[in-house]
Amino acid sequence: MIDINLIRTDSNRVKENIRKKFQHEKLGCVDKVLELDKRQRELKIEADNLRASRNKVSSQIGLLMKQKKLEDVEKLKLEMKKNNERILEIDKELEPLADEIRNLMMTIPNIIDDDVPIGKDDSENVQRLKVGRAEVPQFEIPHHADIMESFAGLDLDSARRCSGNAFYYLVGDIALLHSAILTYARNFMVEKGFTYCIPPFMIRKEVVDGVMSFSEMENMMYKIENENLYLIGTSEHSMIGRFKDTIVKEDSLPILLTSYSPCFRKEVGAHGLEERGIYRVHQFEKQEMIVICKPEDSHDWYNKMWQISSEFFKTLDIPHEIMECCSGDLADLKVKSCDINAWSPRQKKYFGELGSCSNLSDAQARRLAIRYKTNNGTKFVHTLNNTVVAPPRMLIAFLENNLQKDGSVLIPKALQPYMNGRTKIFPKVK
RNA sequence: GGAGAGAUACUCAAGUGGUCGAAGAGGCGCCCCUGCUAAGGGUGUAGGGCGGGUAACUGUCGCGAGGGUUCAAAUCCCUCUCUCUCCGCCA
C-alpha cells in the first residue's frame, strides 16, 4: 500500500508507475481513489464540525446541570439529538467509502525504482551480472534426480506414499550435503555481520496480510485447521512479523538478520508441479537474510545483499547470473528485485530462482506499522529480504556443476569442513 | 486444556460519567556537581492518527478491537482478540 498523499499530490507519477508495470486495467483506480478521497474529506469536515458543536454543547449542558436550569438542558438535548442523527447519516456514508478506498489502495502497486528495466514479464528480465564459467563438460550430465539416486540419496516413491506428490526423502550423503550447505550458509552470514535467528514456523493471519499480497497468500500459504495460524512460506514472513507494531530505536538500524526455517508452499497454479525431482516442492529448508533499515539506506543494502549471494555461490563453485526483474515481473509490494539463477550444464542454460533479492521499501512496514523514531516524528522503516540458500534447489545446481565423469561429486573447499573434511563423495549404485 | 490477572501515549504508570491531550515518572533538551563510570541536583520540553490553514494556529478521533447506553464514555453494558502468571500435558 502506497501513501495516499502521493496520489493526492502526484497522481501522474502513480499512473506512470502502473503503466510501467503493464497493469493498465488499474489506471482507473487512481482517479477513483482521488474522487472517493475528495468525497471522504468533505464528509469528514462536515461531521467534524457537527462533533465540535456537540462537544461544545455537551460541556454547556454540564454547566447548566450544575445551575439546575433543567428546561434549558432539555432544549439543548433535543438539538443534539438532531445533530447526532446527521452525524450517524454521515458515518453511514463514510463507512463503505473508507473500505472502498482501502481496497483500491491495496491493488495499486508500489512505486518501482527508477532504474528497474521496463518489460512485460520475466522474458524481459535483464542480466546484470555473470559469474563463473558456464561450461558444458565432455560427458553428459544426468537429471538431478538420477544423480541423487546414484548416491541412494533420493526416495520419491516413499515420499509420495507417505505425504503425496512434491515431497521427498533425502538420504545419506545427499542429506548430509543438504544440511552442510545450510550450516555453511549460516556461518557465512554470521561472518558478514548478520545475527542468526530461528523464528516461529507458523504465523497469524494479521502477519500474513502484512507481508504479502492477497493473491500470493491464496497460492502459497497452508492454513492450520481451527487455528488462526498459517505455515510460513519463508522465514521472511515471521522475521518481518517480529517487528509488527513496534518502534525500533534509530541507532539500532540497520538490523541485519539471517534466519533458518523450513518453508511450506502450496504452489497452487504453478506449472510443472508434477515435474520430476525436487525443483518444485511443497516443503524445503532455507537460510534467509533480512535487512531493516532507514529509507535512505535501502538502495545500497539491496545491492549489498545480492552481492553477498553471488559471493556465496562463488564459494560453492556454482556459475550463476543475476537477473534484474523487469517492471512487469515485479510483485506489487516490491520496489526492486532480482533473481539469482544457476548454470545448468545439463540444460545448457541458467535456470530459475535459486534465490531472490527484494527491496520492499516501506510497503511491509506500512502494513505492519514498523517504525523508527526521528527528531521530527516517527517514520516507516524499509524492509529487504534475500535468499542465502535453499538447499533442495541448490543441490540441483551443486550436483550438476560438481559432478565428475566417474559419477563422483567434488566438495568445494568452503564446504569441506561441514562434510567432515571429505573432498569428494562417491556413488553407491552402479 | 483448567484457573486467575491484565491491555491507557516512545516506555512505565494514575485515572470509574462532564474541567481528560489524559496526573506522575522515565525518556528527551539545557545547566550544575562528581577528575572516569555508576549516580546526584536544577531547569525546560514534547507528546499518536485523520482533516482544515501559506502560517501562527485549529477541528476531530484516540485509552486492546468492534458494537451499545448517554446531550456527554478511558470510565457503564455486550461481544471478540491478545498478553501475562499459576496448574496440567509434552519434545
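First the proteins, then the strands, lettered A, B, ... as listed; each starts at 1. What you see below is based on every heavy atom in this structure, not just the backbone, and it leaves out hydrogens, waters and symmetry mates.
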Original post:
Where does B:G62 fall, syn or anti, if syn means a chi angle no more than 90° from 0?
Top reply: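 The base of B:G62 is oriented syn (glycosidic angle within 90° of 0).
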On a whole-Å scale, what distance lies between the [atom1] atoms belonging to [N] and [M]?
N: B:A25; M: B:G15; atom1: C1'; answer: 15 Å
N: B:C90; M: B:A5; atom1: C1'; answer: 26 Å
N: B:C71; M: B:A55; atom1: P; answer: 39 Å
N: B:A65; M: B:C61; atom1: C1'; answer: 15 Å
N: B:A9; M: B:A46; atom1: C1'; answer: 11 Å
N: B:G48; M: B:C10; atom1: P; answer: 7 Å
N: B:G47; M: B:G24; atom1: C1'; answer: 15 Å
N: B:C33; M: B:U37; atom1: P; answer: 15 Å

Subject >> A:Lys334 to A:Ile112 - nearest heavy-atom pair and separation >> reply: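 Heavy-atom minimum between the residues: O-CG2, 4.1 Å.
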Subject >> Contact summary for A:Cys326 and A:Lys120, nearest pair of heavy atoms >> reply: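 Closest heavy-atom pair between A:Cys326 and A:Lys120: SG-N, 4.1 Å.
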Subject >> Nucleotide nearest A:Ser58 when distance is taken to its side chain, options B:A72, B:U83, B:G52 >> reply: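 Nearest to the side chain of A:Ser58 among the choices is B:A72.
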Subject >> Candidate nucleotides B:C50, B:U60, B:C71, ranked by approach to the side chain of A:Arg8 - the nearest >> reply: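 Looking only at heavy atoms from C-beta outward on A:Arg8, the closest nucleotide is B:C50.
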Rounding to a whole Å, what distance do you find between [X]:[atom1] and [N]:[atom2]?
X: A:Lys56; N: B:U19; atom1: NZ; atom2: P; value: 15 Å
X: A:Leu64; N: B:A72; atom1: CG; atom2: P; value: 16 Å
X: A:Asp48; N: B:G62; atom1: CG; atom2: P; value: 11 Å
X: A:Leu88; N: B:G67; atom1: CG; atom2: P; value: 11 Å
X: A:Arg41; N: B:G52; atom1: CZ; atom2: C1'; value: 10 Å
X: A:Leu97; N: B:G51; atom1: CG; atom2: C1'; value: 14 Å
X: A:Leu50; N: B:C71; atom1: CG; atom2: C1'; value: 14 Å
X: A:Gln40; N: B:C61; atom1: CD; atom2: C1'; value: 13 Å

Sugar-phosphate only, base, or nothing, as touched by [X] at under 4.0 Å among non-hydrogen atoms:
X: A:Ile61; value: base
X: A:Asn84; value: sugar-phosphate
X: A:Lys81; value: sugar-phosphate
X: A:Arg371; value: nothing

Original post:
Between A:Asn125 and A:Asp329, do the side chains contain an N or O donor and an N or O acceptor separated by less than 3.5 Å?
Top reply: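 Side-chain D/A pair, A:Asn125 to A:Asp329: present.
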With both distances under 3.5 Å as the test, what is the Watson-Crick or G-U wobble partner of [N]?
N: B:A9; answer: none
N: B:C28; answer: B:G44
N: B:G66; answer: B:C78
N: B:U60; answer: B:G49
N: B:A91; answer: none
N: B:C84; answer: B:G4

I want to check one thing: is the phosphate of [N], taken as OP1 and OP2, less than 4.0 Å away from some side-chain N or O of [X]?
X: A:Arg54; N: B:A72; result: yes
X: A:Asn55; N: B:U60; result: yes
X: A:Arg51; N: B:C71; result: no

Original post:
Hey, is the main chain of A:Ser361 close enough, under 3.5 Å, to the side chain of A:Ser298 for a donor-acceptor pair?
Top reply: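 Side chain of A:Ser298 to backbone of A:Ser361: no pair is present.
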**OP:** Kindly say whether the aromatic ring centers of A:Phe264 and A:Tyr230 come within a distance under 6.0 Å.
**Re:**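 Distance test on ring centres: not under 6.0 Å, no.
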**OP:** Taking the side chain as every heavy atom from C-beta outward, state whether A:Ser327 and A:Phe22 have any pair of such atoms under 4.5 Å apart.
**Re:**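 A:Ser327 reaches A:Phe22 side chain to side chain.
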Subject >> Close side-chain approach of A:Tyr196 to A:Ile198, heavy-atom, < 4.5 Å >> reply: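 They are in contact (side-chain heavy atoms under 4.5 Å apart), so the answer is yes.
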**OP:** Specify whether A:Tyr222 and A:His282 have parallel, tilted or perpendicular ring planes, treating 30° as the upper limit for parallel and 60° as the lower limit for perpendicular.
**Re:**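 Answer is perpendicular, since the angle exceeds 60°.
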Subject >> Upstream residue (5' side of RNA chain B) when A:Glu95 and A:Arg204 are each assigned their closest nucleotide >> reply: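 Whichever sits nearer the 5' end wins; that is A:Glu95.
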Original post:
How do A:Val57 and A:Glu206 order along RNA chain B: which one's closest nucleotide is nearer the 5' end?
Top reply: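 Nearest-nucleotide comparison on RNA chain B picks A:Val57.
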